[in-house]
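Input: a single structure, listed below in structure tokens.
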Amino acid sequence: MATIAMDPSLSLQIGRGSNQHGAVPVKEEIQGLIKVYKDGHVERPQIVPYVTPALPPELGVTTKDFVIDNFTNVWARFYVPKSNWKLPLVVYFHGGGFCVGSAAWSCYHEFLGKLAAKAGCLIVSINYRLAPENPLPAAYEDGVKCLLWLKQEALKGCSEWWSKQCNLCSVFLAGDSAGANIAHNVAVRLNSNNLYPLTLKGTILIQPFFGGEARTNSEKNMVQSPRSALSLPASDTYWRLALPCGTNRDHPWCNPLGKGSAKMEEMKLLPTLVCISEMDILRDRNLEFCAALGKAGKKVEHVLYKGVGHAFQVLSKSQLSQSRANEMIARVKAFVNR
């Protein structure tokens with residue numbers, strides 16, 4: 001998820017703003033979401049409620065928050081469904097263009113609680129550091145650190161309340177939008193790490209947030225309403241804030257198919273499920289990513305969800321979106337229980 005519009009009256013006007021923080025001009029702004037001033041000050045209006053770990057008892061999911069790193073303030077929210085057998089572990093990264101969002105946002109808390117219960121998996125939702133205060137690769141480093149923390153907790157055996165219900169040999173990295181980008185890049189970084197007793201089995205990329213200097217057809221031609229969860233100007237703004245200074249959208253972290261990126265044929269990649277939305281500006285870029293994985297001989301499968309846009313599974317309450325979200329959950333369940 002790269003941009004959010006929860007309020008029907010919220011217009012996402014994106015660009016370099018002219019409002020003032022005192023006498024300091026605005027450098028970048030996505031109205032209602034984030035405002036970055038030239039002196040480095042950042043404002044993020046709270047348009048999505050932050051919620052505690054509590055879930056309705058009838059869902060049958062126990063939730064707890066744990067600090068991963070006191071120094072960086074990275075933490076995680078655990079979702080542990082009631083089960084008589086060991087469950088796959090899904091490490092999840094929320095969306096938000098690398099710049100907004102939280103594991104405590106109500107929309108993610110509700111979706112992941114439902115996903116844990118219906119897909120039958122234990123979920124660890126990571127609250128990683130955000131750009132522009134912490135530009136990439138900070139989020140990737142936080143993801144790696146969280147996997148190493150989970151490894152140590154499993155080895156010590158001091159977290160039995162979740163590890164005793166977890167199949168440590170069936171671990172998946174997942175996320176939506178920017179979170180899917182993080183899941184992919186963390187998987188690439190972990191290839192050389194010994195994670196025993198954890199075994200990575202796959203990645204689940206929901207509307208992965210990739211980009212590039214050259215526009216795809218869906219980026220150029222997909223008509224987006226003012227309430228769209230992702231517009232092209234918003235996407236460009238997030239990349240300017242998240243990427244290292246002096247780079248552009250063909251940086252490998254943004255464009256895995258660009259000239260400067262490693263060849264997929266030479267990369268050790270996990271089996272991958274890609275969930276794509278028909279009305280998403282990222283649709284064609286996501287399809288190109290899947291085609292490149294297949295051409296490189298990697299195990300990849302994708303699903304195109306018709307009639308819905310970016311981040312529908314966490315932002316939209318329409319009957320169609322809820323139906324498609326249930327289809328997505330069923331597909332994820334099949335993928336993690338193979």
Main-chain N/O of Gly95 paired to Tyr108 side chain as donor or acceptor, under 3.5 Å: yes
Joint hydrophobic cluster, Phe210 plus Leu173, side-chain heavy atoms closer than 4.5 Å: no
Spacing of Asp236 atom CG and Leu241 atom CG [to the nearest 0.5 Å]: 11.0 Å
Gln46 atom CD, neighbour heavy-atom count above 12 within 6.0 Å: yes
Rounded distance [0.5 Å steps], OG in Ser277 versus CG in Leu304: 8.0 Å
Parallel, tilted or perpendicular: rings of Phe98 and Tyr140 (30°, 60°): perpendicular
Co-membership, hydrophobic cluster, residues Leu269 and Ile182, 4.5 Å side-chain: no
Atom pair SG (Cys146) and OH (Tyr92), whose distance is rounded to the nearest 0.5 Å: 15.0 Å
Path from Leu200 to Phe93 over hydrophobic side-chain contacts below 4.5 Å: yes
Whether Trp149 and Phe66 hold their rings parallel, tilted or perpendicular, with breakpoints at 30° and 60°: tilted
Residues Lys220 and Asp284 bridged, charged N to O under 4.0 Å: no
Side chain to side chain, Ser218 and Leu282, heavy atoms closer than 4.5 Å: no
Lys151 atom NZ, over 12 foreign heavy atoms within 6.0 Å: yes
Check: Glu265 side chain, Ala296 main-chain N or O, donor-acceptor pair, under 3.5 Å: no
Evaluation steps, side-chain hydrogen bond (donor to acceptor under 3.5 Å, both in side chains), between Asn134 and Tyr128: CA-CA 10 Å; Asn134 301 282; Tyr128 52 86; over 6 Å; no
Non-hydrogen side-chain atoms of Arg331 and Ile204 separated by less than 4.5 Å: no
Heavy-atom side-chain contact between His184 and Thr203 under 4.5 Å: no
Heavy-atom donor-acceptor pair, Lys295 side chain to Met264 backbone, under 3.5 Å: no
For the student: nearest non-hydrogen atoms of Val42 and Pro132, plus distance: CG2-CG, 3.8 Å
Side chain Asp250, main chain Gly258, donor-acceptor under 3.5 Å: no
Heavy atoms of other groups near Lys298 NZ, more than 12 under 6.0 Å: yes
Parallel, tilted or perpendicular: ring planes of His109 versus Tyr79, cut at 30 and 60 degrees: tilted
Inter-residue atom distance Asp176.CG - Leu112.CG, 0.5 Å rounding: 8.5 Å
Heavy-atom pair with the smallest gap, counting every atom of Leu270 and Ala187: CD1-CB, 4.1 Å
Residue pair His41 / Val24, side-chain heavy-atom distance below 4.5 Å: no
Candidate pair Thr237 and Arg240, rule side-chain hydrogen bond (donor to acceptor under 3.5 Å, both in side chains), full reasoning: CA-CA 5 Å; Thr237 300; Arg240 286 195 298 271; 3.1 Å; yes
Between Phe335 and Phe172, ring centroids under 6.0 Å: yes
Heavy-atom pair of closest approach, residues Ala180 and Pro208: CB-CA, 3.6 Å
hydrophobic_cluster_shared for Val90 and Leu115, side chain cutoff 4.5 Å: yes
Minimum side-chain heavy-atom gap Leu232-Arg215 below 4.5 Å: yes
Intermediate values then yes/no, side-chain contact (heavy atoms from CB on, under 4.5 Å), Met328 and Val303: CA-CA 8 Å; Met328 179 185 290; Val303 189; over 6 Å; no
Any side-chain donor near an acceptor of the partner, Gln224 and Ser231, under 3.5 Å: no
Gap between atom NE2 of His251 and atom CH2 of Trp239 - 0.5 Å precision: 10.0 Å
Verdict with reasoning, Glu110 to Lys317, per salt bridge (charged side-chain N to carboxylate O under 4.0 Å, His left out): CA-CA 12 Å; Glu110 293 167 10; Lys317 299 295 185 182; 3.3 Å; yes
Ser83 side-chain N/O to Trp85 backbone N/O, donor-acceptor pair under 3.5 Å: yes
Intermediate values then yes/no, side-chain contact (heavy atoms from CB on, under 4.5 Å), Tyr238 and Cys254: CA-CA 11 Å; Tyr238 280 129; Cys254 176; over 6 Å; no
Side-chain heavy atoms of Asn127 within contact of His94, under 4.5 Å: yes
Side-chain heavy atoms of Ile206 within contact of Ile276, under 4.5 Å: no
Lys118 and Lys333: CA distance, side-chain angles, deciding distance, side-chain contact (heavy atoms from CB on, under 4.5 Å) verdict: CA-CA 8 Å; Lys118 291 196 170 185; Lys333 179 179 181 178; over 6 Å; no
Backbone of Cys99 reached by a side-chain donor or acceptor of Glu133 within 3.5 Å: no
Test item: Gln313 and Tyr305 side chains (from C-beta on) under 4.5 Å apart, heavy atoms: no
N/O donor-acceptor pair under 3.5 Å between Arg283 side chain and Glu278 backbone: yes
Ile281 side, atom CD1; Asn217 side, atom CG - distance, nearest 0.5 Å: 13.0 Å
Whether Ser125 side chain and Ala103 backbone form a donor-acceptor pair below 3.5 Å: no
Main-chain N/O of Ala311 paired to Gln207 side chain as donor or acceptor, under 3.5 Å: yes
For the student: nearest non-hydrogen atoms of Leu130 and Gly101, plus distance: CD1-O, 3.8 Å
Considering all heavy atoms, the nearest Leu87-Gly120 contact: CD2-O, 3.5 Å
Any donor-acceptor pair under 3.5 Å from Arg249 side chain to Asn255 backbone: no
Over all atoms of both residues, closest heavy-atom pair of Leu230 and Ser228: O-OG, 3.0 Å
Transitive ILVMFWY side-chain link Leu168 to Val124, under 4.5 Å: yes
Test log, rule side-chain contact (heavy atoms from CB on, under 4.5 Å), inputs Lys306 and Arg324: CA-CA 8 Å; Lys306 293 186 177 294; Arg324 294 288 184 263; 4.3 Å; yes
